[in-house]
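Below is the structure I would like to discuss, written out as structure tokens.
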Amino acid sequence: MGFINIPSVANFEEYVKRNEIQSKWKISDEHLCLSRGILPEDGADKKWKTIPALWENVVTNFVEVIKANKAEKWFDELAKLCKKQFIEDFRGMGVRRFYQVKSTAREDMVKVIVAGIQSELFDQWKNSELSLHEVSLLMTSLIADTEDRLGQIDGKIARARDKEDNCKVQISKKRQDFDRCGLVGKMVGKKWDLFHAQVELMQQKYVIMTLIEGFLFAKSLLLNLIDEFNRLNREIANCAALLTEAVARCDFGMKERCKGSFEADIHGHLVKFHDYERVSKFAARLVKQQSAQKSQTNKIRSVLVAKLGNEPSFALFSERIHISFLMKTLEMICGVDVMKAHDTLIDRQEDRLFGMSIIEKLKQRFESDPSGLRDYIEKLLCYTGVNLTFDKDEMGEKATNGSGKEILSSAFTILIPRSQTSLGFVAQLKTAFSESVEAEVEIIETDHKINEIDLINVKSAFPLRFVKQVRLLKEEYLRRITGSDAENSRFLLHLEGNGSQHPPLYATTSDEKVNETIPYLLMARALKLILSMPDRQTGISKLVWPRKNKWGMDDVPIILGETLIETPAVMTMEHIHELKTSVLDRIAHDFPKLDEKEQLLHEIRKVLLAVKNEVQGDVFDPQYQKFIEGSKSAIKNILRLS
């Protein structure tokens with residue numbers, strides 16, 4: 001937020017101890033003891049005098065009153081008047097009563113002091129005299145000094161009491177000297193001199209006694225001030241942390257944008273095409289422009305302060321300035337200033353970094369290197385895609401939705417800036433794109449965004465199951481319909497039926513495909529829809545599925561393999577659907593009665609025995625177990641036998 005990130009070195013420990021600074025901030029000893037007023041009304045009271053000046057004034061007036069009396073009464077009258085002033089008349093209420101009354105306004109005094117210090121420090125930050133880091137260092141020094149002054153209060157009180165005791169001794173001695181003074185002494189004015197010395201001692205005594213009460217008040221005031229100073233410092237630290245985060249983000253963004261080489265990282269959505277080294281050198285030049293940096297800093301701070309209203313503070317700053325607004329402000333102001341500095345510092349057109357068309361940049365690099373342009377574009381196109389991640393397992397061979405009709409469409413569009421000065425290179429660029437894109441590509445020239453080329457790859461007309469993230473829905477669906485409360489879950493999810501009446505939403509996995517196929521293979525083999533026939537060339541027996549077309553004539557038969565175990569892997573989803581239809585039609589037409597179904601059940605057992613022979617009688621064979629489970633499904637769901 002300033003010319004450099006490293007804070008300037010300043011001796012804040014010495015600064016906060018200066019008399020003129022403590023007096024300006026109303027934290028001098030005179031202010032803390034209320035020798036000088038802190039509250040605005042006290043400061044505006046013309047009758048308000050410092051403690052020494054007040055006692056000097058009243059004692060002088062007392063002398064004028066009592067000197068008309070006999071000399072023998074001077075000492076007693078002075079003592080009586082000073083005592084009355086201390087107990088009853090000091091600032092209109094007596095010393096102790098005055099500090100008791102003022103203690104009720106201690107919080108108001110703390111607010112006045114803290115508000116004044118905060119206002120000055122905020123203005124110094126706003127005017128770029130101090131950074132927030134330096135403001136925090138200053139506050140830390142102020143807190144340490146205040147704590148140190150608090151620790152010294154008891155010592156000051158003890159020393160003041162010693163001085164008070166010494167004054168009492170001196171006053172008593174002067175009285176004795178006065179009483180021993182004879183006629184000659186009176187004639188030469190010795191008694192007056194002794195009384196005048198007594199006046200000075202009496203004035204000094206009551207100044208000390210008043211300051212002792214003032215120090216006791218200052219002690220409690222310092223305790224409150226330390227708490228408020230710490231609170232203010234925390235608010236400053238919050239503001240500094242916010243700006244530090246913004247600076248860190250800016251630094252990170254700059255380093256990210258300026259790292260790499262001329263061959264930019266082409267894996268992201270935004271591919272940058274510029275000379276990183278030249279950009280870094282230009283950024284270093286900008287940092288050295290002190291006047292521009294200060295001007296930019298002042299603009300940013302003015303915008304931030306304007307958001308805080310008429311009474312800005314560090315608390316309002318951390319409350320109203322959010323990182324998003326701060327980053328937006330930085331980008332807006334810095335962006336404009338960087339462009340101005342760029343136009344001022346860079347003269348030659350070929351050295352410019354901003355305000356140039358991407359066409360001109362590509363032309364500078366590739367006009368004499370057509371093969372390099374083609375290689376660069378091919379690299380870019382390798383990483384073009386869509387924001388969605390497709391599930392290859394769901395797409396697979398099922399990108400035709402079981403009908404042979406493709407259900408995933410693609411469109412590739414390229415937007416390039418229009419250029420009237422580089423028509424030949426634009427044609428070369430279009431050719432390179434057209435020859436590098438396998439699909440049909442549409443290239444559109446536009447008058448917007450001269451600094452970028454947009455590659456738009458659109459996939460459309462696909463089922464949601466193709467999207468990889470949707471697999472989570474499938475997993476949750478299967479978990480619910482196969483759980484302990486599967487029946488209720490199916491009802492709640494489907495409302496009508498159990499969902500089996502609907503076609504599957506997702507592509508069938510290899511295991512699901514096998515499990516779905518086996519029951520119908522068993523039925524088809526038992527129904528003689530699948531036959532064992534010798535191969536015409538090798539003579540080896542193979543399972544064949546003779547088929548009829550929609551007009552009832554022979555269609556091309558499907559060779560399924562040598563054994564029934566091999567068959568599921570050979571069949572496509574279209575074949576499975578066709579086989580299911582054939583099996584269900586045949587059962588509905590030829591096996592409506594129970595005894596007929598029992599006969600078919602006998603044929604299924606024979607098919608299972610053949611499968612068992614295929615695995616050499618191993619009843620634990622996983623493939624054989626799948627056929628056992630398939631037979632149960634066939635009997636229960638197809639034949640409707642319990």
Side-chain angles (χ1 to χ4, degrees), residues 1-18 21 24-25 27 111 113-147 225-255 286-335 337:
M1 295 299 292
F3 177 53
I4 54 177
N5 289 333
I6 303 173
S8 61
V9 178
N11 188 358
F12 294 122
E13 292 84 356
E14 183 275 332
Y15 179 80
V16 298
K17 295 179 186 294
R18 293 180 187 174
I21 297 301
K24 180 174 62 173
W25 288 350
I27 56 172
K111 289 179 181 178
I113 293 171
V114 174
I117 295 173
Q118 176 170 223
S119 178
E120 179 174 330
L121 296 183
F122 194 92
D123 285 343
Q124 288 180 320
W125 172 77
K126 180 181 70 174
N127 299 327
S128 301
E129 298 172 25
L130 292 176
S131 69
L132 275 179
H133 178 75
E134 291 167 327
V135 172
S136 183
L137 289 178
L138 190 153
M139 279 302 303
T140 301
S141 298
L142 177 59
I143 292 168
D145 182 67
T146 307
E147 290 173 341
L225 278 174
I226 290 170
D227 289 340
E228 285 302 297
F229 285 166
N230 278 305
R231 180 193 58 77
L232 176 58
N233 202 22
R234 287 193 296 271
E235 292 171 355
I236 294 169
N238 290 338
C239 299
L242 182 65
L243 296 186
T244 299
E245 181 183 354
V247 170
R249 290 192 184 189
C250 289
D251 286 343
F252 176 79
M254 183 178 68
K255 290 175 183 177
L286 289 180
V287 172
K288 296 177 182 178
Q289 300 296 312
Q290 185 171 6
S291 60
Q293 290 283 337
K294 284 187 175 181
S295 173
Q296 180 175 285
T297 301
N298 288 336
K299 291 177 185 177
I300 292 170
R301 291 181 178 178
S302 295
V303 172
L304 299 179
V305 172
K307 195 173 178 64
L308 306 183
N310 297 327
E311 297 182 1
S313 66
F314 295 110
L316 281 177
F317 187 99
S318 58
E319 178 184 329
R320 297 185 182 180
I321 304 299
H322 301 288
I323 188 66
S324 57
F325 174 78
L326 181 55
M327 294 303 298
K328 184 178 179 180
T329 301
L330 288 173
E331 292 170 0
M332 176 184 67
I333 294 176
C334 295
D337 284 2

Where at least one partner belongs to residues 229-238, residue pairs that pass salt bridge (Lys or Arg N to Asp or Glu O under 4.0 Å), sequence neighbours excluded =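 Qualifying pairs: Glu228-Arg231, Arg231-Glu235.
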Could you list the residues that satisfy salt bridge (Lys or Arg N to Asp or Glu O under 4.0 Å) with Lys328, not counting sequence neighbours?
->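 Lys328 satisfies salt bridge (Lys or Arg N to Asp or Glu O under 4.0 Å) with no other residue.
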Would Leu138 and Val16 satisfy side-chain contact (heavy atoms from CB on, under 4.5 Å), going step by step from the backbone distance to the final call?
-> CA-CA 8 Å; Leu138 190 153; Val16 298; 4.3 Å; yes
Taking atom NZ of Lys24 as the centre, report whether more than 12 heavy atoms of other residues, nucleotides or ligands fall under 6.0 Å from it.
->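 Yes, because the 6.0 Å sphere around NZ of Lys24 holds more than 12 heavy atoms from other groups.
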Non-hydrogen atoms of Cys239 and Ser318 that approach each other most closely | SG-N, 3.9 Å
Main-chain N/O of Ala144 paired to Glu147 side chain as donor or acceptor, under 3.5 Å = no
Sequence neighbours excluded, which residues qualify as side-chain contact (heavy atoms from CB on, under 4.5 Å) partners of Thr146?
->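 Leu142, Leu222, Ile226, Phe229.
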If you take all heavy atoms of Leu330 and Cys250, which pair is closest and at what distance?
->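 Scanning both residues completely, I find the closest heavy atoms to be CD1-SG, 3.7 Å.
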For a side chain to side chain contact (heavy atoms under 4.5 Å, CB included) with Gln118, tell me which candidate from Leu232, Asp123, Ile236 qualifies.
-> Leu232
Sequence neighbours excluded - salt bridge (Lys or Arg N to Asp or Glu O under 4.0 Å) pairs with any residue from residues 304-319 | none
First locate atom CG of Asn238, then atom CG of Leu243, and finally report the distance between them rounded to the nearest 0.5 Å.
->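 Asn238 atom CG to Leu243 atom CG measures 11.0 Å (nearest 0.5 Å).
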Residue set satisfying side-chain contact (heavy atoms from CB on, under 4.5 Å) with Val305, at least two apart, ordered chain then number -> Phe122, Trp125, Lys126, Pro312
For Lys17, the salt bridge (Lys or Arg N to Asp or Glu O under 4.0 Å) test, sequence neighbours excluded, returns Asp145
Check Met139 against Ile117 and note the closest heavy-atom contact, atom names and distance.
-> SD-CG2, 4.4 Å
What heavy-atom pair brings Leu130 and Glu134 nearest, and what distance separates the two atoms?
-> CA-OE1, 3.4 Å
Can you tell me if Ser136 uses its side chain to pair, donor with acceptor, with the backbone of Leu132 under 3.5 Å?
->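 Judged by distance alone, no pair lies under 3.5 Å.
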Any residue meeting salt bridge (Lys or Arg N to Asp or Glu O under 4.0 Å) with Glu14, in chain and number order, not counting sequence neighbours =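 Expected list: Arg18.
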What pair of heavy atoms forms the shortest contact from Ile321 to Leu304, and how long is it?
-> CD1-O, 3.8 Å
Contacts of type salt bridge (Lys or Arg N to Asp or Glu O under 4.0 Å), residue Arg249, not counting sequence neighbours |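 Scan of Arg249 (salt bridge (Lys or Arg N to Asp or Glu O under 4.0 Å), adjacent residues dropped) gives Glu245.
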